[in-house]
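As structure tokens, the structure follows; a few thoughts come after it.
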Protein chains: 2
Amino acid sequence: MVDKLPAPARIRALPSWLLGRAAAHGRGLVREALAGDGMPMLHHLVLIAVREYGPVAQAELARAVGIDPKDMVAILNSLQADGLVTRTPDPHDRRKNAIAATPAGERRLARQEPLVDAAMDDLLAPLSATERATFTALLTRVVAAADPDTPTVS
Amino acid sequence: MVDKLPAPARIRALPSWLLGRAAAHGRGLVREALAGDGMPMLHHLVLIAVREYGPVAQAELARAVGIDPKDMVAILNSLQADGLVTRTPDPHDRRKNAIAATPAGERRLARQEPLVDAAMDDLLAPLSATERATFTALLTRVVAAADPDTPTVS
DNA sequence: CGAAAATCGTGGGTGGGCCCAACGGTATGC
DNA sequence: GCATACCGTTGGGCCCACCCACGATTTTCG
């Protein structure tokens, strides 16, 4: 069987292409890891955000993680149906719902985080510990420049 | 005006998240740069691939750059209409078209490549020359592990 | 040598992510 | 008290990336 042509060398050398490939791979690994626990990636993301910021309004949540408010409704419906979050009216502002994680939600995340961490290990497997630190530090600076309003982690 | 909450710290520390942000930024920069010359990003990608491999079959092209054959038809229609590629029946295999770049196509790429290079400079602006080399080398290794059948550039 | 399988180019279709707008209800600011 | 803004929800829509099917052609296999 004849081999498949690779993408052109010019393209394969572009950092934006490399970042795209790496990002797609990373996303795939995370999606796969979470599928093992039966949860879509965005649901996980939202649950993490609820745990960190809860109780929190839906609109606030949607802005924090960059999800369309309409799509956030569906995700919260699903998380609520599974007993992982609660949705209660905000006592101080009746326009808002106060979204909070339940103990079941926190347990679910406790189970999932090692899966995601393992996916990250897999993603950076070709790099030594020192190289990973270097890579992540440089990547963080690139991202910080792109998104100056978001604090970085260090 | 109250500040917007950032994505959760746990998420912002994940290499897959960072890669996703950096990749989106890179894509945005390239798209913007090429829009300056009035060409969508995938059209540019395909034209580069045609220049490198032409004359080449559509299906081969689609596999090389990871574009759906159906979408490749539309892209080639547009490039052909603009006089940037030719589409002729393969004399040895009537199933196939032989796609080749025209001199106008090559000139168009010659104009666009500095734009894309400038976008890459912009993307990696926070890094020194040494850091860029380190970052790209590490990124290349991560991508090589994800896609072992594709040769890397070095 | 003929039938089956595979490939090619093209068209139809779908789902997810994102955009915009509208609505009724509520809160804020002047 | 009124205008403006925000909230949550819903609806409509677009675009992109992907899936599948079809007729024509080539390749493979018994």
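Note: hydrogens, waters and symmetry copies are ignored here, and every other heavy atom, side chains too, is used. Each chain gets a letter, A, B and so on, in the order the sequences are listed, and its residues count up from 1.
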Can you tell me if A:R63 uses its side chain to pair, donor with acceptor, with the backbone of B:K4 under 3.5 Å? no
Main chain of A:I99, side chain of A:N97: is a donor-acceptor contact present, judged purely on distance under 3.5 Å? no
Between [N] atom [atom2] and [X] atom [atom1], what is the distance in whole Å?
X: A:K96; N: C:dA27; atom1: NZ; atom2: C1'; answer: 10 Å
X: A:K4; N: C:dT7; atom1: NZ; atom2: C1'; answer: 17 Å
X: B:I99; N: C:dC8; atom1: CD1; atom2: P; answer: 13 Å
X: A:R94; N: C:dT28; atom1: CZ; atom2: P; answer: 11 Å
X: B:L45; N: D:dC16; atom1: CG; atom2: P; answer: 14 Å
X: A:H92; N: C:dA27; atom1: NE2; atom2: P; answer: 12 Å
X: A:L42; N: C:dG17; atom1: CG; atom2: C1'; answer: 9 Å
X: B:N97; N: C:dC8; atom1: CG; atom2: P; answer: 12 Å

Is A:D68 salt-bridged to A:K70, cutoff N-O under 4.0 Å? no
Run the salt-bridge test on B:E60 and B:K96 with the 4.0 Å N-O cut-off and return the result as yes or no. no
Can you list the steps and then say if B:T136 with B:L124 is a side-chain contact (heavy atoms from CB on, under 4.5 Å)? CA-CA 10 Å; B:T136 304; B:L124 300 183; 4.3 Å; yes
Tell me whether the OP1 or OP2 atom of [N] has a side-chain N or O from [X] closer than 4.0 Å.
X: A:Q58; N: D:dT9; value: yes
X: A:N77; N: D:dT9; value: no
X: A:R63; N: D:dC7; value: yes
X: A:R87; N: D:dT9; value: yes
X: A:R27; N: C:dG17; value: no

Identify, between A:R31 and A:P91, the residue whose nearest nucleotide on DNA chain C lies closer to the 5' end. A:R31
At under 4.0 Å between heavy atoms, what does B:L76 touch on the DNA or RNA strands: base, sugar-phosphate, or nothing? nothing
Base C:dT7 to side chain B:R95, donor-acceptor N/O within 3.5 Å cut-off: yes
Report the C-alpha distance between A:R10 and B:E113 in whole Å, list the side-chain angles of each, state the deciding distance to 0.1 Å, and finish with yes or no for side-chain contact (heavy atoms from CB on, under 4.5 Å). CA-CA 10 Å; A:R10 155 88 185 161; B:E113 280 172 339; 3.5 Å; yes
For B:E32, is the CD atom crowded, meaning more than 12 foreign heavy atoms sit under 6.0 Å from it? no
Heavy atom of residues 68-75 of chain B under 4.0 Å from DNA chain C: which residues? B:P69, B:K70, B:V73
